[in-house]
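So the structure is just underneath, and the comments pick up after that.
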Amino acid sequence: EADIYQTPRYLVIGTGKKITLECSQTMGHDKMYWYQQDPGMELHLIHYSYGVNSTEKGDLSSESTVSRIRTEHFPLTLESARPSHTSQYLCASSDDWGALDTQYFGPGTRLTVL
Amino acid sequence: AQSVAQPEDQVNVAEGNPLTVKCTYSVSGNPYLFWYVQYPNRGLQFLLKYITGDNLVKGSYGFEAEFNKSQTSFHLKKPSALVSDSALYFCAVRDHNTDKLIFGTGTRLQVFP
């Protein structure tokens, strides 16, 4: 098991609320990622970071934002949650070894917006 | 553009039988290929990867994958399936331009006792 943590594991919240999904890793990895996983399985990259103060948007457009103030921490924020945000959110990290880097995933946060 | 395809949404196999989960890829340049497994209510776990070298790659939990350049395939295999192998399996390829992983759509493996 990799040392990457996500909280909360499950979250049910009402429309319009602001939420932050936490992700932290203790491996000292420079690269971190957020994926959104559809109920039908497919993974979509929504944000990634190459290191502190680096954030990039992924392949799937998302209304969420991220920050990377510390190496170990990569929180994802939704300013105003909507039912369309209901999904599973997976955080991952990898070390910067070029072709050898392997992504390690957290357990995920399952978000339900009512 | 780099991509991977997993042609089967679900694979069913009896316990003790060999299993194969298929993956084909499309890349420019040398492919860097990965297999991940996702158990229920868990994140993805790394199984194995191919970067270079032997075409047969051995990974965790008794899984292996065979890289076939002529068929552009990277099928996941195990000689004898266990019920506990039942999970979602994702093939992925590394995009050389962005260092991002491009995931397939996933294959659900169901091993019956």
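Protein chains get the first letters and strands the later ones, always in sequence-line order, with residue 1 at the start of each. Excluded from the calculations below are hydrogen atoms, water molecules and symmetry mates; all remaining heavy atoms, backbone and side chain alike, are included.
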Going only through I, L, V, M, F, W and Y residues with side-chain contacts under 4.5 Å, is there a path from [X] to [Y]?
X	Y	value
A:Val113	A:Leu60	yes
A:Tyr50	A:Tyr35	yes
B:Tyr39	B:Val11	yes
B:Tyr61	B:Leu33	yes
B:Leu56	B:Leu76	no

Nearest atoms (heavy-atom pairs only) where B:Phe46 meets A:Gln103: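 Nearest pair, atom of B:Phe46 first, then A:Gln103: CB-O, 4.5 Å.
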
Has B:Asn30 got more than 12 heavy atoms of other residues, nucleotides or ligands less than 6.0 Å from its CG?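 Atom CG in B:Asn30 is not packed in, count stays at 12 or less.
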
If you count heavy atoms of other groups shown closer than 6.0 angstrom to CD1 of A:Ile69, is the number above 12?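 Not buried by this count: 12 neighbours or fewer within 6.0 Å.
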
What distance separates B:Arg94 CZ from A:Thr102 OG1, expressed to the nearest 0.5 Å?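 Nearest 0.5 Å value for the CZ-OG1 distance: 10.0 Å.
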
Cut-off 3.5 Å, no hydrogens considered: what does the side-chain donor-acceptor table look like for residues 15-23 of chain B, sequence neighbours left out?
none

A:Gln6 versus chain B, heavy atoms under 4.5 Å apart: side chain, backbone, both or neither?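 No part of A:Gln6 comes within 4.5 Å of chain B.
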
If we ignore hydrogens and angles and just use 3.5 Å, is the side chain of A:Tyr33 paired with the main-chain N or O of B:Leu101 as donor and acceptor?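 Answer holds: no.
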
Under 4.5 Å, heavy atom to heavy atom, which residues of residues 80-93 of chain B contact chain A?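 Residues in range: B:Leu88, B:Phe90.
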
Do B:Gln38 and A:Phe105 make a side-chain contact, defined as non-hydrogen atoms from C-beta onward lying under 4.5 Å apart?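 Answer no - side chains too far apart.
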
